[in-house]
**Student:** 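Structure in structure tokens, see below.
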Amino acid sequence: MILFSVLPIFSREYIPLEKWKFHFGEYSHATSENCEDSSWEDVVVPHDWAINKPFDMRIDMQSVQVLEDGDKAPKMRTGRTGALPAFGVGYYRTYIDAQDSMKGKRISIEFDGAMSFSKIYLNGQYVGEWPYGYSSFAFDITDKWNYEGTNVLAVRLENKPESSRWYPGGGIYRNVRLVITDPVSVSHWGTYVTTPKVSSKSVSVNIQTGVDNKTGKEVEVRLESLLMDAEGQLVKKVSSSTKVKGERYTFEQTLSVKSPVLWELDHPYLYRLVTNVYADSRLRDTYITPVGLRSIRFDKDKGFFLNGRHVKLKGVCLHHDLGPIGVAVNTRAIERQLQMMQEMGCNAIRTAHNPPTPELLDLCDRMGLLVQVEAFDEWKIGKNQNGYNRLFEKWAERDLQAMIRRDRNHPSVIMWSIGNEVREQKDENGAAVARMLTTICHREDPTRPVTAGFNNHNDAIKNGLANEVDLVGFNYKPFDYKKKHKQYPDFVIYGSETVSTVSTRGEYKFPVKEKRGACYEDYQVSSYDLEYPSWACTPDTEFAQQDDCDFVMGEFVWTGFDYLGEPTPYNEGTPARSSYFGIVDLAGLKKDRYYLYKSKWSDKPVLHLLPHWNWEERLGQQVPVFCYTNYPKAELFVNGKSMGVKQKNRNSVYERYRLMWNNVVYEPGEIKVVAYGDDGKVAETQTIKTAGCTYKIRATVDRDTILADGKDLAFVTVEILDKQGNLCPKADNLLFFDVEGNVSLKAVCNGDPTDQTSFSSTYMRAFNGKLLVILQSKQAGIGKLKIFGANLESVVQRICIIDD
Ligand code: GAL
């Protein structure tokens with residue numbers, strides 16, 4: 001066995017490009033070598049140019065007919081893209097000094113994504129462009145690089161109005177780096193590792209490695225591939241040599257691993273493939289690829305199998321914004337979202353509706369989450385005037401190829417989606433376009449199936465489109481699973497997008513009943529989880545079909561988190577600027593629905609009572625009480641009086657998944673639920689008390705020690721309590737935030753979709769008793785957040801910032 005530490009040091013270098021100058025709006029000669037940019041703003045990339053700006057409901061206001069929402073004529077839509085200034089032109093410039101060590105090396109610039117229509121210039125010379133804001137791309141800039149002095153890299157970006165159905169963000173919102181390599185090195189996204197045979201005893205591994213030879217002459221190349229385990233011990237090694245004449249050569253190697261540790265959801269074990277490239281006997285490059293050994297199988301009658309074991313997909317769709325942080329990639333913010341989803345019992349993510357940032361997939365690999373990576377929301381027939389339809393002809397193949405080549409080594413990725421609700425479902429050429437895209441996917445990665453999400457599933461079946469994908473995704477069709485399975489027994493079916501229940505954290509509307517398209521004067525919706533738009537349903541309706549149809553592979557709920565934009569049902573001239581669909585609100589505070597999913601998806605005990613118990617205005621009137629739980633039965637007490645025992649009832653849509661006491665009459669005091677286990681004994685209780693006047697503030701931080709890397713975040717949940725410590729469920733006090741020491745105030749958010757206070761404000765109203773403050777680390781030391789408000793006992797949250 002060889003220890004990882006004795007391996008040769010890396011010979012490629014990655015230089016992150018974080019410090020840039022930024023200018024919003026046109027600027028003459030902004031991309032030239034000598035542009036005067038000293039007055040430009042200093043920014044740190046990843047950067048979202050719009051997120052900290054004031055909301056303005058006129059931004060990207062549009063008159064548009066959204067066919068998918070059932071609009072019969074164009075409507076005036078507001079808040080559709082988040083009411084933030086993401087649209088327009090922006091320039092970025094950065095200066096990079098050449099180093100002696102770069103001499104004789106190749107230089108490339110690698111973008112994980114830039115929003116959008118990026119045009120790249122080096123030292124005043126045009127390098128290249130990539131319009132789709134969600135694609136990763138790289139350019140070789142060796143021929144324009146100044147090896148003797150300073151290099152100026154300039155980027156022009158442009159977001160066109162009416163180009164998106166959600167908040168796209170603006171700017172260089174993902175990481176960018178310079179990559180310095182030897183002329184003989186692993187090519188861009190050059191490794192492709194697959195596991196054609198997987199068993200508990202052994203795994204055979206195929207390795208394809210592209211090696212670039214930019215020497216202009218023939219070289220003898222030896223490629224050494226070392227598979228290391230998680231501790232850095234060598235597991236297997238394979239070596240091949242050949243003379244390489246041309247600019248690229250692709251090596252094919254195989255190895256087999258005995259007694260493998262497979263990549264499992266509860267034990268996502270990662271090996272590392274270390275690729276060493278030797279040319280003329282000298283080590284030229286070392287390249288690392290994380291590898292998970294696993295098999296995937298999709299069965300039309302039984303669903304999805306990971307390593308031969310059945311897994312029902314309990315998935316959520318996620319848009320790319322991180323709530324009040326916007327779209328600027330932050331690994332901790334993504335990790336927090338995924339942790340919350342996983343704690344809920346979720347095991348799969350759909351990257352709706354675009355290629356994700358690579359950090360998301362790295363996290364899913366490490367955390368044991370399955371991923372559907374999606375490419376497009378539009379093909380040739382647009383949904384937005386300036387949407388992807390304008391790029392499709394020229395760029396679809398390049399974007400799809402970039403997505404798959406970048407992501408095909410991730411064990412978490414189990415399928416590629418070529419489109420969401422594309423309008424080609426109703427078009428006679430739809431099948432031909434799908435065939436073209438599926439062929440590209442199969443060419444780039446024959447190991448994973450191709451899918452698409454169909455809202456017009458009957459049309460997509462009729463025009464042959466559904467036949468062109470390997471997995472048939474239904475958007476919002478729970479009632480049709482059985483019928484379609486019978487009619488089309490070869491289809492592998494799943495809910496590519498489900499539910500779309502709307503709710504506002506902490507809001508409860510009366511009378512409590514299932515409502516389609518409900519709207520209220522306060523622009524909120526009810527958290528009894530019974531309201532949804534015309535095409536959607538409640539979680540329970542989908543659960544029932546998932547439970548009753550073993551052949552359905554699972555579901556991806558719309559959505560895990562609220563997101564900026566698409567404020568259905570208040571998207572027509574209201575102050576609403578973010579969604580109501582989330583299981584969790586925009587701040588990352590859990591709605592009641594979180595516990596409904598957790599009670600269904602997780603194997604941990606769940607007992608959650610709703611609503612709150614402050615109903616002064618409903619004295620003597622009914623206030624139904626629901627309990628989301630996975631205990632079989634429970635008893636409700638109001639001020640000590642039993643309201644009866646309820647148990648799950650398979651024959652009722654709602655009582656199958658919730659316990660409901662519909663006839664409770666409100667009186668102040670307390671409600672208490674007592675859950676009984678299978679043995680009939682008391683297993684757990686929960687009490688909610690009528691809260692008194694607002695009195696004090698409570699701060700709870702997710703982690704009180706964070707890293708001094710200038711990126712790490714502490715998420716502080718702020719609650720307004722009465723003197724006894726009960727949450728005041730309607731409190732909307734204005735709170736103020738002061739930071740001191742080694743943290744900065746990153747963002748504040750209260751989860752109210754209509755709040756117009758900027759996320760970068762130092763004050764904000766609490767919403768239904770809560771809000772969230774996000775702090776970012778500076779250098780090592782202590783940071784403090786003071787939260788105060790009129791007539792409230794204030795609080796100080798202390799954060800420790802440490803070096804790695
Ligand atoms: C779907 C669409 C999503 C979102 C959702 C809201 O039709 O695919 O992007 O718009 O509806 O319910």
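Counting starts at 1 for both ligands and their atoms, following the listed order.
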**Student:** For ligand 1, what is the set of protein residues having any non-hydrogen atom at a distance below 4.0 Å?
**Tutor:**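 The 4.0 Å shell around ligand 1 contains R165, H353, N420, E421, Y476, E497, S500, W535, W558, E566, F581.
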**Student:** Nearest 0.5 Å please: distance from the CG atom of D470 over to the CZ atom of F298.
**Tutor:**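 Result: 9.0 Å between the selected atoms.
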**Student:** Does the separation of the ring centres of F454 and F474 fall below 6.0 angstrom?
**Tutor:**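 That pair fails the under 6.0 Å test.
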**Student:** Kindly state whether the ring of F137 and the ring of Y132 have centres lying under 6.0 angstrom apart.
**Tutor:**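 Between Y132 and F137, which both carry aromatic rings, the centre distance is not below 6.0 Å.
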**Student:** Run the ring-centre check on Y570 versus Y520 and record whether the distance is less than 6.0 Å.
**Tutor:**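 Not under 6.0 Å, so no.
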**Student:** Just jot down the side-chain contact (heavy atoms from CB on, under 4.5 Å) partners of Q546, sequence neighbours excluded, or say none.
**Tutor:**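 Partners of Q546 by the side-chain contact (heavy atoms from CB on, under 4.5 Å) criterion, ordered by chain and then number, come out as K312, Y481, E542, V552, E555.
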**Student:** Any carboxylate oxygen within less than 4.0 angstrom of a Lys/Arg side-chain nitrogen, looking at D377 and K383?
**Tutor:**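 Salt bridge present between D377 and K383.
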